[in-house]
Structures are given as structure tokens and as C-alpha cells.
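Notes follow once the structure below has been shown.
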There are 2 protein chains.
Amino acid sequence: MEQYFSILKQSPLFAGIEERDLSPMLGCLGAKERQYKKGSSIFSEGEPAVYIGLLCSGAAQIERIDYNGNRTIVSVVDSGELFAESFACAGVERLPISVTATEDCAVILLDCRRITQACCNACAFHQQMIYNLLKITAQKSIRLHQRAEIISHRTTRGKLMAYLTLQATQKSSTKFTIPFDRQELADYLEVDRSGLSAEISKLRKEGILTCRKSDFELL
Amino acid sequence: MEQYFSILKQSPLFAGIEERDLSPMLGCLGAKERQYKKGSSIFSEGEPAVYIGLLCSGAAQIERIDYNGNRTIVSVVDSGELFAESFACAGVERLPISVTATEDCAVILLDCRRITQACCNACAFHQQMIYNLLKITAQKSIRLHQRAEIISHRTTRGKLMAYLTLQATQKSSTKFTIPFDRQELADYLEVDRSGLSAEISKLRKEGILTCRKSDFELL
DNA sequence: CTCCGTTCGTTGAAAATTCAACATACATTT
DNA sequence: AAATGTATGTTGAATTTTCAACGAACGGAG
């Protein structure tokens, strides 16, 4: 577990908590370490929602597959980020989404009940963690709002441009790399892959952007 | 302010807090009461996001209007619910959405900074409120996920049926009343109003549902 | 009662998406 | 070097949505 301390102490979940307190806290919280191979499932839709996941290395996606087999990519999880914390904190019975490793992953699982219920050893930290969790959860809400704003555009072009301009804003640069290939981007934007490719070509011809694979530049 | 105590003590924000403590707390939190007429704006897009709103009476909607004038209804706010808490808690600069009164409203505004920063008088309550806020924020995230799941369907019929079956599930009944007229439902589902009306007619002819105005029944 | 404004349903044409199929490019393996 | 597999781009037909316009139903105001 100690190998991930450099990740943990940078995580907003442990903001305001000293590194020397990490080890007893993790024990108190019943933290479990898990490894997942690229492509494997970290959480599956329908599982009980009790664990908060903290991605220590690798990358993952929040997905949903409907009964027709259509995949939706709800969001991406980068190293150092939490996932599934909303479901665990809200006390829902079962996960409405799946979490899939897009790279080999190392994950720390925290039982949400151990965070939200005070314990005898490290109570002082619990309050800080709950506050940290509040801030993280609120920021995740914003990301959901942002995705909703993107998806709410009616056309492929509208969705694509909304996504790309948001990426450019967040990276503070007109050049950026997106974390998706074409199929994944289509699954994130809720559009047809071939139509998305066609729209990218059109935007390229119109001189609005250039791209190579996942590297984009807005002109 | 006292006239709203019956609402306040039922609000999840004040769960675990005694009614006799409400009055000093509201003072400590710098609560402000506001009245809004039906159709007026409670918060406008671009305003600084410092206040958490608590709707004491009436009803409101979370909306966004894009540069073309297209309205998106992100969610509805019912009496007793919080709104804008994610934006305030996440510490974003400006609101990315507007809140509009769909009925005459009474609202209590709470400065988020006064909740998340401990104060000298009622510190014991602050921790409870932060925990309550965490739970509320997480539950709001779930609602955003639910809307995303609805919007993610590609066709008008798919979106409509996803919405209606969710409503039926939440009301635990095949008969229910939705909080939207046709235009508002279209703005929530991100579809064309006339196309939505046509789809409802078709579903009616197919014997899948019956409806009168906003009263629906799934068969 | 009539007028008026709003909501809702209907329709047909225009526009956009989806779908299926195939071509191309590139990297990896044998 | 050839074969294979994956990702991406292209195309045309089918489907669906959007858009604009209009008519019917309804309720409130005068």
C-alpha cells in the first residue's frame, strides 16, 4: 500500500491530512488494494454500491451498456481520481454503471460506511474526509453537467464542437489530446461513429480544425 | 423565517438537527429569505456561485439557454429541495445554469462559505450539515446520471419511454403526473416538441400508454 | 358569449442521423 | 514480405428528426 502514498497524498480525498497519518487511516478505513488488467471490469452494473474507488495507476471509464448492446461512456477516470463515490455516498442499493479498466490499473477500495461513520481511532480525520468528499462529489456533479451540456446539442457537429471547445478551455490551449479513439468518442457523444468521422472530415476541410488520431487542434 | 420551520426541519439539509436549534443556526449561517414571482429568475447563468438555495414553497426549474435561444431543462426543483448546492460547494466561479421559478416561490439563500467554514457559535452543527450536504450532493449526482441515461437514447421514442418508465418506477405506479407540459418535456428530453407530440400519439395508438395533458398511464 | 392567447396534435418537406458495407492506412505477427 | 487485425474514412440508402405552418381544443378575460 505504501507504494501509492505519493498518489494518495496528492488526492483531494486526503487534502489537509498529513502523510504520516495515511497508514493508520487506511487501516482504520479498511482499505483494500486491487489490480486489474486492461479491459477487465472493476465494478459491474448491478453490484452493491458500497466501495469508493481510488485509481492509483492506469486509466478507466465509467460505462453503461443497454439491452441492445449500445455502450455509453459516461466519463473517464484518470490516475489519482475517485470513482463511484456518488453512488456509495448516496446510499443507492446497486450500481447503475460499470467501471472498466482501459489500462492496467491499481485501485484502492474504501468502504464508504467506514468513512461516513465515525470510528474510535481517527475521528479527527473523518470530518476532514467528509468535507473533502463533499467537494469532490460537487465537482463530479459539475462534470456531469458539462457532459449533459455537450450531449444536449442536437447535431453531431454541435456535440463535437461543444466537446472540443470544452477540452480546449480545460487544457488552456487550442492543441490537446483527447482520451478517446473514434468509437469511444462516438460513445461519449452519443452519435454514430461513421457520422462522427464524416463530421470531423468536414470540419477539417472547412479549416476549423486539424487532427491526427486523438491529437486535435482548433484553428 | 419561522413560518418555514416546518419545511426546514423536513429538509435533508437539517437532518439530525433539533428544531430549537434552527433559529440560531439560520442567523449564524446568514440565511436570507427571498420571494420570486412565477416566471422570474432566481439565479441567472453567469452569476457568482456562492449561494445554496432552499426552496420553501413553489416550484422551479434548472435551465440553460444556448446562444441560439434553445432552452434545456436540466431538472425540476420541488418544494423542500436544495438547488445550486453543487456549484457553490465545488467552488466554481460562475453558475453555468439558470434557476427559474415555475410557480410563485419562497426561497432561503445560504452562503456556502458559512457552511463549509467552521464558525464560533454552532460548530457542532456545521459538521452535521456538511455530512448532510454530502449525501444530498451525491443524490443529485444520481439524478444527473438518470437524466444522462434518458438523454443518451438516440430516438424520441427511446427518450420518452426511458423517461416515462423511470417516472413509473419512482412513483411505484403505472399512473403518474409529470411536472412538464409538452414543450417543457421536449426541452427536458432534448427533442422537437411536435415530434414528441407525434410520438405520444403513436404510442397511444399502439396501446402502450394513455394520457391526458400531464397525466400518463403505462399499459 | 365572443375574443384571444396558449397548448397540443397533425402534416409534409427539408435536413440530419443511422446503418451497412467497403476502402484505406497502419501496426503487428508469422 | 505477406498476412492479419484494428482503427479510421467514405459513401449511399433508409430512417428519423427537425422545422414551419396550420387547425382544433381549452380556458380566461372582457
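Each chain gets a letter, A, B and so on, in the order the sequences are listed, and its residues count up from 1.
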Strictly under 3.5 Å: I want the nitrogen or oxygen pairs between protein and nucleotides 5-10 of chain C, one per line.
from	atom 1	to	atom 2	distance (Å)
C:dC8	OP2	B:Arg182	N	2.9
C:dG9	OP1	B:Arg204	NH2	3.3
C:dG9	OP2	B:Arg182	NE	3.0
C:dG9	OP2	B:Ser197	OG	2.8
C:dG9	N7	B:Arg193	NH1	3.2
C:dG9	O6	B:Arg193	NH2	3.1
C:dT10	OP2	B:Ser201	OG	2.2

Would you kindly give the CG-to-P distance between A:Asp187 and C:dT18, to the nearest whole Å?
11 Å
Any pair counted as salt bridge (Lys or Arg N to Asp or Glu O under 4.0 Å), so long as it reaches residues 209-219 of chain A, sequence neighbours left out
none
Listed by chain and number, what are the salt bridge (Lys or Arg N to Asp or Glu O under 4.0 Å) partners of B:Arg143, not counting sequence neighbours?
B:Glu81
Compare side-chain N and O positions of A:Arg154 against OP1 and OP2 of D:dT18 and report whether any pair is under 4.0 Å apart.
yes
Using 30° and 60° as the class limits, which term best fits the ring planes of B:Phe43 and B:Tyr51: parallel, tilted or perpendicular?
parallel
Among C:dT17, D:dT16, C:dT18, the one nearest A:Glu199 by side-chain distance:
C:dT17
To the nearest angstrom, the CG-P distance between B:Asp192 and C:dA14 comes to 17 Å
Under 4.0 Å between a side-chain N/O of A:Thr156 and OP1 or OP2 of C:dT17, yes or no?
yes
Report the residues that fulfil salt bridge (Lys or Arg N to Asp or Glu O under 4.0 Å) with B:Lys37, sequence neighbours left out, ordered by chain and then residue number.
B:Asp104
Listed pairs under 3.5 Å, donor-acceptor, residues 196-205 of chain A side chains, sequence neighbours left out:
from	atom 1	to	atom 2	distance (Å)
A:Glu199	OE2	A:Arg157	NE	3.0
A:Glu199	OE2	A:Arg157	NH2	3.4
A:Ser201	OG	A:Ser197	O	3.2
A:Arg204	NH1	A:Cys211	O	3.0

Please state how far atom CD in A:Glu184 lies from atom C1' in D:dT8, giving the value in whole angstrom units.
13 Å
Mind calculating the distance between CG (A:Asn70) and P (C:dT17) to the nearest angstrom?
17 Å
Measure CG/A:Leu185 against P/D:dG9 and give the value in whole Å, please.
11 Å
Contact list for residues 199-219 of chain B, test ring-ring contact (aromatic ring centres under 6.0 Å, His included), sequence neighbours left out:
none
